[in-house]
Protein chains: 2
Amino acid sequence: MARRRTTLKDVAEEVGVHTSTVSRALNPETRHFIRPEVAERILAVSERLNYRPNAAAYSLRTNKTRIIGVVIPDIANPVFPPIIRGIEDVLSERGYLAILVNSEPHNARHGAVLDALQSRGVDGLIMASLELGDSIIRGMIDDGLPAVTVNRRAEDADVPSVTNDEDQGMRLILEHLKALGHTRVANLAGPQSISTGKERFEAFRRHARAMGFDTSEDLVVFSQRLNEAEGERCAAELLDALSGFTAIVASNDRLAVGAISLLRRRGIACPAEMSVTGFNDMPMVDRFEPPLTTVRVQQYEVGRLAASMLMKRLDGGELEPSEEHIVVPVELVVRASTARVR
Amino acid sequence: MARRRTTLKDVAEEVGVHTSTVSRALNPETRHFIRPEVAERILAVSERLNYRPNAAAYSLRTNKTRIIGVVIPDIANPVFPPIIRGIEDVLSERGYLAILVNSEPHNARHGAVLDALQSRGVDGLIMASLELGDSIIRGMIDDGLPAVTVNRRAEDADVPSVTNDEDQGMRLILEHLKALGHTRVANLAGPQSISTGKERFEAFRRHARAMGFDTSEDLVVFSQRLNEAEGERCAAELLDALSGFTAIVASNDRLAVGAISLLRRRGIACPAEMSVTGFNDMPMVDRFEPPLTTVRVQQYEVGRLAASMLMKRLDGGELEPSEEHIVVPVELVVRASTARVR
DNA sequence: CGCGCCGGTGCAAACGATTGCATTGTCGGC
DNA sequence: GCCGACAATGCAATCGTTTGCACCGGCGCG
């Protein structure tokens, strides 16, 4: 019944030594200062009394919490769970814990959430939620808080990042569509306030031009958010505004899924009459109707890398310039939402 | 550049009062002890110096961390993100933060993970990951750590829980199948070491009998895990062992999805030749082929309720007996994986 | 045989907040 | 004009660790 937790002092008294001796014996780094037989007794007793170090006291003294803040827009977005799992796996291997916070809706929570994390004294930050031009994160980094971004990147080149090869992904998609005979494809682009949205859009434009696609300005529509409803809305906008295009390249899977729903509602067959591509290869999109052609990004791996990167920085290692920004390769996975143009 | 954080003492010196005065002025509960104009000056200065209380010191003194441990099997399982979002939303409203840990693979991590949480001094625990007969959690509760389970429940009736109405869900499914003319349906049951698996299986048996379904023992197969591969394996086992049944009632959506994959591979049409039902209504299953008939559970709401419950206990409120175990209503959502028997 | 060194421990001061109690000053009542 | 009460603030202990430094005994070496 809520009996007091056992402390260093309890162990020390039981063994008949000073607390500092116990502390040293329990820490592998300093254990060699202590005579082996004493250390052994201490280990045994602390085991028997079920001693657990008090993390608050440790933190107060050392200024380390062994806690990492993980900030994502919305855990309910299927893109993020694998990333988080990757992060959590490497953190826990290293004895760190993750505090998870959702930052959406952005304006309301972003600042407050980061405040709370900072106040808790997290040792570092992994940000999956970050808009271009965000200044709060800058402030925290200036305060000396190690941070890395994952999936997205910041404007400042000096905040380390792990991202996917957006450029390559877009190239693969366009090559694929070209091989299928498409020449006029629309781009359902993501918000330009987010690095992925911007990079994918720019990659689309660059490669489309290079490959000789029709590059009229009006073949692109920008979404405000990254969900299915917005995908529907934007697809409708495209269809209403123009015709003659045979494929829609969406900035991510959720937009693509929304677009496909709209096509179905309008009686336009996908892929027979209109090809649609996604980006991310979220879990389960292979089971959709039609199974989605998309770009597979290594979510889990990206999460692991970001966490490893942060760990390295916390170990005091400066990152090599080549390690500051890791971009992870992607691959095209062709399923059934794309087809040869008629 | 990592300048020292400002402390109570800094503020006190700047204002020309004692730290205790600052402490009181900053705490709304004790602010009335302080003369309004002094309090105001303190507020202003602490704002200007960007004062953030040191959570470690606070915790050390008060034995509260305002952190809740959230233990789930695997965040990558689509059932959990909405729950977590629900939890996180109410926690953050109350100034609490969530530490998230994945406990799978179970044997390897369960104990270690809970140790880490306890050592961090979390104020409470929300467990979505819990097997019947688990003793570790018992120990923690006996140590006085408030805990609630979500989605699953413990064997001990005295650990509060928020769960779904499994019984009602199964009844709705069987009624639906009966109305479609099915009389011989197989049960792809979940692991019996988990409360949901067990309850759904028992509900199936009870209602199947009551409604006059064929209740041969061999019409049920127990899965070891709750994923698609296992769904495929178990469905294969059923098909190989017997015939003449016209529907498969799976214990959850992932098993159902696996079963459908297997049916397709064997050239058995779903739902024309075999109806399949799921349970949970995970995000996106409405977009599968065929769209899945399943039971909608209110994941987000369940998460919110569990967190609220825990908050209430932390506020010192004993729970009314009627609040100890909340079961949230479910509803049947009929889509296209079930059809009238031929 | 004496001195210095060093391996093994103990001592005590932090870390930054909270909080019961002591202290001061003011004012009202008689 | 004095005393008691009360409002406002200061004092200092405390939470459980870590860690620089002091201490002590024994041993090796000259």
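So you know, we letter chains A, B, ... as the sequences are listed, proteins then strands, and number each from 1. What's counted below: heavy atoms across the whole structure, side chains too, no hydrogens, waters or symmetry copies.
What separates NZ of K64(B) from C1' of dC15(D) is a distance of 13 Å, to the nearest Å. Summarising the geometry, the separation between CG on L8(B) and P on dG10(D) is reported as 13 Å, rounded to the nearest angstrom. L60(B) places its CG atom 14 Å from the P atom of dC15(C), with the value rounded to the nearest Å. Rounded to an integer number of Å, the gap from Y51(A) OH to dG16(D) P is 10 Å. Atom CZ of R5(B) and atom C1' of dC15(C) are 12 Å apart (whole Å). Protein atom CG of N54(A) is 11 Å distant from nucleotide atom P of dC15(D), rounded to whole Å. Remark: P of dC11(D) and NZ of K9(B) are 13 Å apart, rounded to the nearest angstrom.
You'll find the side chain of E301(B) reaches within 4.5 Å of the side chain of R304(B), heavy atoms only. Under the 4.5 Å side-chain criterion, counting only non-hydrogen atoms from C-beta, L91(B) is in contact with M311(B).
Salt bridge E324(A)/R153(A): absent, no basic N to carboxylate O contact under 4.0 Å. Using a cutoff of 4.0 Å between basic side-chain nitrogens and carboxylate oxygens, R85(B) and E104(A) are not scored as salt-bridged.
Within residues 11-50 of chain A, the residues approaching DNA chain D are S20(A), S23(A), R24(A), by heavy-atom distance under 4.0 Å.
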Distance-only donor-acceptor pairs under 3.5 Å for side chains of residues 33-40 of chain A, two or more places apart:
unit_1	atom_1	unit_2	atom_2	d
R35(A)	NH1	E37(A)	OE2	3.2

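Around CZ of R225(A), the count of heavy atoms belonging to other residues, nucleotides or ligands within 6.0 Å does not exceed 12.
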